[in-house]
Every structure is written in C-alpha cells, then in structure tokens.
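This is a predicted model, so every value here is computed, not measured. Every chain is numbered from 1 and lettered A, B, ... according to where its sequence line falls, protein lines coming before strand lines.
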Amino acid sequence: MIVPAAAFAASAGPVSFLSRDQVMPQYWLFKSEPDVFSIEDLRDSPGKTTSWEGVRNYQARNFLRDQIKRGDGVLFYHSNAKPMIIAGSASVAKSGYPDHFAFQQDHKYFDPKSDPANPAWYMVDIRLRQVFSNPVTRDQLADDPDCAQMMLLQRGSRLSIQPVTETEWLAVHRLAGLKP
DNA sequence: GCCAACGTTGGC
DNA sequence: GCCAACGTTGGC
C-alpha cells in the first residue's frame, strides 16, 4: 500500500520524519571551572576531545540525552574564575550516551540511582574548535545587546549546560574577533 | 569568604 | 504530597 507523503507526515506528527541532525545545528554553553578542567586542558587532550561526564542535574541531563547532537556548537565558559570568560568553542563529537562513571562504585561520580539497564545520567563528547585569543568576558557579554539576555547572565542561573541562540553564538564570535 | 538561589532529601 | 533542612553552585 502506498501512503501519500502528506498523509504520512500528518500521522508522524509535527516533527515529521526528518532526523534531528538533518534539521539545524544547535548551540550550547558548557560551564567548567578552569581549576578543574580548562580550555587548555581540552586543547591538550588526545584528539583535542574529551567526554563531558559528571553532570548531575536533570534539566542538563535532558539536554545531553535528548537534544545535544554531533556537530552542534559549544561555547566553553570558565566559571568560578578570574576573569570569567568564554574561553573558546568546541563541537559536539558524540551525541548523548550513558555516563558510565555513574556505574563505578569507587568513582567520584558514582550514583546508585543509575545502572546500565536504566541509566540516570548521560554525557557527550566535545572536540576543541577554537581557543579564543581574545576571550569574551562576562562583562562584555552583559554590555552587548545581542548577549545581554543569555541564560548565563540571568540571576541565579546555575544550569551547567545551557542552550544558546544562533544570534548569541554569532555575537560571541564577533566579540572574540573571530568567524564561527 | 559571603550568601542568594537553587535542587535534592527525607521526615511526616 | 508538603516543606524544612541541607548541600551545592557560582557571582560578588
């Protein structure tokens, strides 16, 4: 039986049958304390790539598990630092997969709520794109009309993984004096 | 170092 | 299911 494409699209719902990575690149901001893991640590990692484990917040977990896809752009933010900066950019090298560190009893990220049959926590891999030679400071972001509304700058925003709009992505690169 | 803003936990 | 206590984040 031949089903007209329009009928199939309607039955498939508003998302249709396009997979996510055929649609649009998305942009994110990942926070990291540079004392723990900095953009230089990423640069010096094998293949300039690292896994992003240890996220233990459900909202961030949902992003990691459901939305963050290979090829997405990542702004690498240095939190709890002097100065606080967007230090560079990265690309998602591997979409969400279970955070296996949560399964390891002797690991600092162990969480008995999570097991391989039903993982509670997820992670992605990211690969360095650019170390900004002129990092973008938090103050610059606050002063820029395209960036002032960023989730990062909302008072009390503790989310360690945040969505970034394309406008913000472009504006951050403009402030860094770079092309994305 | 302080502390506001959260998210989580656990007693009830 | 409520909510107080607690722990953490992260800017200041």
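Counting side-chain heavy-atom gaps under 4.5 Å among Ile, Leu, Val, Met, Phe, Trp and Tyr, the cluster of Tyr97(A) also holds Phe101(A), Tyr109(A), Met123(A).
Identified under the ring-ring contact (aromatic ring centres under 6.0 Å, His included) test for residues 147-167 of chain A, with sequence neighbours left out: none. Counting only residues at least two apart or on different chains, the salt bridge (charged side-chain N to carboxylate O under 4.0 Å, His left out) pairs with a member in residues 85-110 of chain A are Arg56(A)-Asp99(A). Among residues at least two apart or in separate chains, ring-ring contact (aromatic ring centres under 6.0 Å, His included) pairs with a member in residues 146-180 of chain A are Tyr27(A)-Trp169(A), Phe132(A)-His173(A), Trp169(A)-His173(A).
As judged by a 4.0 angstrom heavy-atom cut-off over every strand, Lys82(A) is placed among residues making no nucleic acid contact.
Applying the side-chain contact (heavy atoms from CB on, under 4.5 Å) criterion to Ala81(A), with sequence neighbours excluded, gives Pro34(A), His78(A). Residues satisfying the side-chain contact (heavy atoms from CB on, under 4.5 Å) test with Arg174(A), not counting sequence neighbours, are Asp144(A), Asp146(A), Ala171(A).
Annotation: of the two residues near DNA chain B, Lys113(A) and Gly156(A), the 5′-most nearest-nucleotide partner is Gly156(A).
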Return all side-chain donor-acceptor pairs below 3.5 angstrom for residues 39-47 of chain A, not counting sequence neighbours, or 'none' if the list is empty.
unit_1: Glu40(A); atom_1: OE1; unit_2: Ser38(A); atom_2: OG; d: 3.2
unit_1: Asp41(A); atom_1: OD2; unit_2: Ser38(A); atom_2: N; d: 2.9
unit_1: Asp41(A); atom_1: OD2; unit_2: Ser38(A); atom_2: OG; d: 3.2
unit_1: Ser45(A); atom_1: OG; unit_2: Asp41(A); atom_2: O; d: 2.7

Interface polar pairs with nucleotides 1-3 of chain C, N/O, under 3.5 angstrom:
none

Could I get a table of every N or O pair under 3.5 Å where one atom is in the protein and the other is in nucleotides 8-12 of chain C?
unit_1: dT8(C); atom_1: O2; unit_2: Arg158(A); atom_2: NH2; d: 3.4
unit_1: dG10(C); atom_1: OP1; unit_2: Lys31(A); atom_2: NZ; d: 2.9
unit_1: dG10(C); atom_1: OP1; unit_2: Arg158(A); atom_2: O; d: 2.7
unit_1: dG11(C); atom_1: OP1; unit_2: Tyr77(A); atom_2: OH; d: 3.2
unit_1: dG11(C); atom_1: OP2; unit_2: Asn80(A); atom_2: N; d: 3.0

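In this structure, Lys108(A) atom NZ and dG7(C) atom C1' are separated by 17 Å, rounded to whole Å.
When each of Trp52(A), Phe76(A), Phe63(A) is paired with Trp28(A), the ring-ring contact (aromatic ring centres under 6.0 Å, His included) condition holds for Phe63(A) and for no other.
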